[in-house]
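Chain naming here is simple, since letters A, B, ... match the order of the sequence lines and numbering starts at 1 in each.
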Protein chains: 2
Amino acid sequence: MSSITIRDVADYAGVSRATVSRVLNNNPAVDQALRVRVEDAVQALGYQPNRTARRLRAQSSNVIGLIISDIRNPYFLSIIQGVEDVAYAHQMSLILCNSDEDPTKEQMYLRVMEAEHVAGLIMVPSQSSEEQQLSRLKKIGIPVILLDRVADDFEVDAVKVDNERGALDAVRHLAALGYRRIAIITGPMHLTTGRERYAGYRSALEAAGLAYDEALVKIGNFKTESGYQLTRELLAMAQPPDAIFVSNNMMTLGTLRALREQGIHVPQEMALVGFDDMPWSGDLYSPLTVVSQPTYELGQEATNLLLRRLADPGLPFRTVILQTRLIVRESCGAKLRS
Amino acid sequence: MSSITIRDVADYAGVSRATVSRVLNNNPAVDQALRVRVEDAVQALGYQPNRTARRLRAQSSNVIGLIISDIRNPYFLSIIQGVEDVAYAHQMSLILCNSDEDPTKEQMYLRVMEAEHVAGLIMVPSQSSEEQQLSRLKKIGIPVILLDRVADDFEVDAVKVDNERGALDAVRHLAALGYRRIAIITGPMHLTTGRERYAGYRSALEAAGLAYDEALVKIGNFKTESGYQLTRELLAMAQPPDAIFVSNNMMTLGTLRALREQGIHVPQEMALVGFDDMPWSGDLYSPLTVVSQPTYELGQEATNLLLRRLADPGLPFRTVILQTRLIVRESCGAKLRS
DNA sequence: CTGAAAGCGCTTACAG
DNA sequence: CTGAAAGCGCTTACAG
């Protein structure tokens with residue numbers, strides 16, 4: 001074990017532990033000569049401050065907690081990297097937890113974060129209602145940044161994407177290509193992501209003068225299996241849709257699978273636009289036209305927000321909304337007509 | 001902040017802090033009546049022990065460090081989940097770091113882990129030589145479990161997959177289907193994964209009585225771009241291969257892209273087998289035949305190994321080798337002939 | 001079985 | 001500008 005402590009450094013340098021501590025913390029009120037002696041001692045001994053002791057005493061910490069809702073979803077990959085990169089740049093480390101969409105597990109991790117005295121917390125809430133989320137957060141005494149699923153009027157800092165606008169872009173694109181019966185597979189209505197993407201769908205329909213047909217609205221749970229099932233339901237209709245907008249990456253994978261199983265060609269017999277891009281979305285069975293979220297920036301932004309909050313706890317709450325981008329590949333059929 | 005300390009609980013229950021501590025740590029030598037009183041007090045106050053203080057005093061911690069080499073590779077998703085699940089089951093939390101294939105960053109995180117006094121460390125070494133890895137590890141005084149890239153004779157605990165056997169299965173499968181000019185795109189030879197998969201390729205060739213042609217061996221860096229480039233080189237040959245074995249998921253994606261760009265049909269004009277499965281491998285442009293690693297189990301096993309090591313530091317080192325599984329889909333052409 | 005006391009490795013008023 | 005001393009919230013020999 002690295003059992004070299006501040007005391008060893010102090011002895012080696014011939015100063016008090018207080019002075020060593022001051023040098024370590026860049027306290028300007030230290031004589032240059034002493035500073036150099038301490039730095040040499042640190043170097044010579046390979047000393048490394050014990051973060052646990054520092055945290056206990058200083059009542060401050062340089063670790064950030066990150067709780068995400070489903071580690072298996074590649075959506076979170078770049079988000080994690082975004083968080084990690086800016087945390088690293090600020091010399092902070094990360095504790096990552098996976099709530100697995102389980103409010104109980106989430107609650108437990110919230111307590112862990114508290115017990116670990118993390119400086120702050122970034123979290124993607126699990127699939128529970130907003131009131132539940134809020135009440136859970138109220139219980140912990142740590143700055144929290146909410147990510148992805150978040151109502152605009154929450155009393156917390158948050159980062160999200162303009163879901164309604166993204167969905168609107170997607171469906172408008174489909175309408176412009178001439179599709180008339182556009183279905184949506186959206187997420188749970190108690191999640192803002194499910195609700196807002198659905199709202200964008202309705203706006204686009206209206207703007208395009210297309211009739212709203214409730215039979216074309218399917219509500220899934222953002223998992224592959226649910227995309228698969230709901231697509232089968234859509235295909236079994238007497239009058240199936242001619243296009244489908246699927247509101248997240250995992251469900252889109254399920255939709256694609258269902259379509260392929262039934263031998264339905266995309267986009268010739270069914271157009272498809274998904275939400276969320278993945279590095280391999282262009283390499284899928286049908287290269288996916290997609291509403292792309294700036295995931296890396298989402299992670300960066302959340303971390304910046306947290307850093308800002310830590311620096312100045314009195315600031316008013318802020319919600320940062322990032323824009324999506326429509327990436328046109330083949331599944332929407334745009335290239336069929338050109 | 002949760003400023004309720006062990007002292008508050010002691011006062012409330014009318015016992016000493018030592019007794020509270022004993023109850024908290026399930027020390028059996030506590031009178032039943034006192035135990036109940038303490039538990040009630042904990043309950044009533046909503047007390048939660050400060051982990052930082054405990055860690056400092058007890059010189060032991062319940063956090064596990066996990067350093068992976070590239071958070072953007074979906075390969076690590078299930079691994080992380082495997083680690084997380086068993087850690088969670090044992091009430092341990094995770095610090096996740098991403099070395100990003102950068103030995104300097106890795107070195108820094110190693111120091112962080114040490115400074116954080118994590119109980120132990122699971123790591124996927126970055127792309128450096130084994131000696132470098134070893135010497136870096138020697139410097140830290142924490143139990144380490146190596147994952148994925150690891151020589152069998154390392155003086156550490158390790159978990160890996162039988163790379164040579166996996167590659168052999170893949171190439172033998174190709175040979176059995178009648179392909180004669182089978183190329184390999186492998187990883188860096190200073191990584192065991194690159195080396196061992198290459199060795200499996202050679203064994204399979206030999207077993208099948210196929211000539212070894214150095215021109216058919218390409219060495220990439222496990223990233224998409226390199227798979228793409230090397231595939232183009234392969235296609236530009238006077239006498240291109242009739243099948244390609246690609247030794248990781250990211251490079252396979254690059255290969256697929258290159259093939260599609262050149263309008264080459266898989267498997268009709270070129271057969272393809274990849275290493276690593278992904279949940280969407282069957283939904284790609286050509287559903288991928290693949291050597292699948294038990295990633296979730298890899299993560300579980302690594303964590304179990306660590307737990308075992310923590311429980312008994314004197315145990316001899318152990319390397320756990322898990323088997324791969326060949327998943328036959330369409331890219332290999334097996335279904336063409338049936 | 002229980003408590004008083006020391007101490008884990010730091011930081012930070014407080015004097016000087 | 002510097003050091004002696006107290007203390008962060010726990011755990012753990014040591015007595016009894």
Notebook entry, point to check: For residues Ser21(B) and Arg54(B), is any side-chain donor paired with an opposing acceptor at under 3.5 Å?
Noted result: no
Next item on the list: Would you mind classifying the nucleic acid contact of Leu24(A) as base, sugar-phosphate or nothing, using non-hydrogen atoms under 4.0 angstrom?
Entry: nothing
Next item on the list: Take atom CD of Gln48(A) and atom P of dC10(C), then tell me their distance rounded to the nearest Å.
Entry: 10 Å
Notebook entry, point to check: So, do Tyr47(A) and Tyr12(A) have ring centers that fall under 6.0 Å from each other?
Noted result: no
Next item on the list: Check the distance between dT11(C)'s P and Arg55(A)'s CZ and give it to me in whole angstrom.
Entry: 12 Å
Item checked: Watson-Crick or G-U stems involving DNA chain C, each at least 3 pairs long, distances under 3.5 Å, ordered by first number -> C:1-3 with D:14-16, C:5-12 with D:5-12, C:14-16 with D:1-3
Item checked: d(CZ, Arg37(B); P, dT2(C)) in whole Å -> 9 Å
Margin query: Working to the nearest 0.5 angstrom, can you tell me the gap between Asp100(B) CG and Gln81(A) CD?
Written below: 5.5 Å
Item checked: Under 3.5 Å side-chain donor-acceptor pair for Asp148(A) and Tyr75(A) -> yes
Next item on the list: Tell me which nucleotide among dT12(C), dC1(D), dT2(C) gets nearest to the side chain of Leu34(B).
Entry: dT2(C)
Next item on the list: Would you kindly give the CG-to-C1' distance between Leu56(B) and dT12(D), to the nearest whole Å?
Entry: 14 Å
Margin query: Closer than 4.0 angstrom, basic N to acidic O: yes or no for Arg149(B) and Glu101(B)?
Written below: yes
Notebook entry, point to check: Any salt bridge between Glu114(B) and Arg51(A), counting N to O under 4.0 Å?
Noted result: no
Notebook entry, point to check: Any N or O donor-acceptor pair linking the side chain of Arg57(B) to the base of dG9(D) at under 3.5 Å?
Noted result: no
Notebook entry, point to check: Around atom CZ of Arg308(A), are there more than 12 heavy atoms of other residues, nucleotides or ligands at under 6.0 Å?
Noted result: yes
Next item on the list: Considering just the side-chain nitrogens and oxygens of Tyr47(A), establish if one lies under 4.0 Å of OP1 or OP2 belonging to dG9(C).
Entry: no
Next item on the list: With DNA chain C as reference, determine whether Ala53(B) or Asp31(B) sits nearer its 5' end, using the nearest nucleotide of each.
Entry: Asp31(B)
Checklist line | Minimal non-hydrogen separation, Ala119(B) against Ile142(B), with atom names | finding: O-CG2, 4.0 Å
Note to self: If the threshold is 4.0 Å, N to carboxylate O, is there a salt bridge linking Asp31(A) and Arg22(A)?
What the structure shows: no
Note to self: Looking at Glu301(A) and Lys160(A), is any side-chain nitrogen of the basic one under 4.0 Å from a carboxylate oxygen of the acidic one?
What the structure shows: no
Next item on the list: Pick base, sugar-phosphate or nothing for Arg22(B), based on heavy-atom distances below 4.0 Å to the nucleic acid.
Entry: base
Margin query: Below 4.0 angstrom, which residues in residues 8-20 of chain B have at least one non-hydrogen atom near DNA chain D?
Written below: Arg17(B), Ala18(B)
Next item on the list: Rounded to the nearest angstrom, tell me the gap between atom CD1 in Ile6(B) and atom C1' in dT12(D).
Entry: 12 Å
Item checked: Nearest-Å distance for atom pair CG/C1', residues Asn27(A) and dC10(C) -> 15 Å
Checklist line | Spacing of Gln32(A) atom CD relative to dT2(D) atom P, expressed in whole Å | finding: 10 Å
Note to self: What is the separation between atom CD on Glu116(B) and atom P on dG9(C), rounded to the nearest whole Å?
What the structure shows: 16 Å
Notebook entry, point to check: Side-chain N or O of Asn50(B) less than 4.0 angstrom from OP1 or OP2 on dC8(D)?
Noted result: no
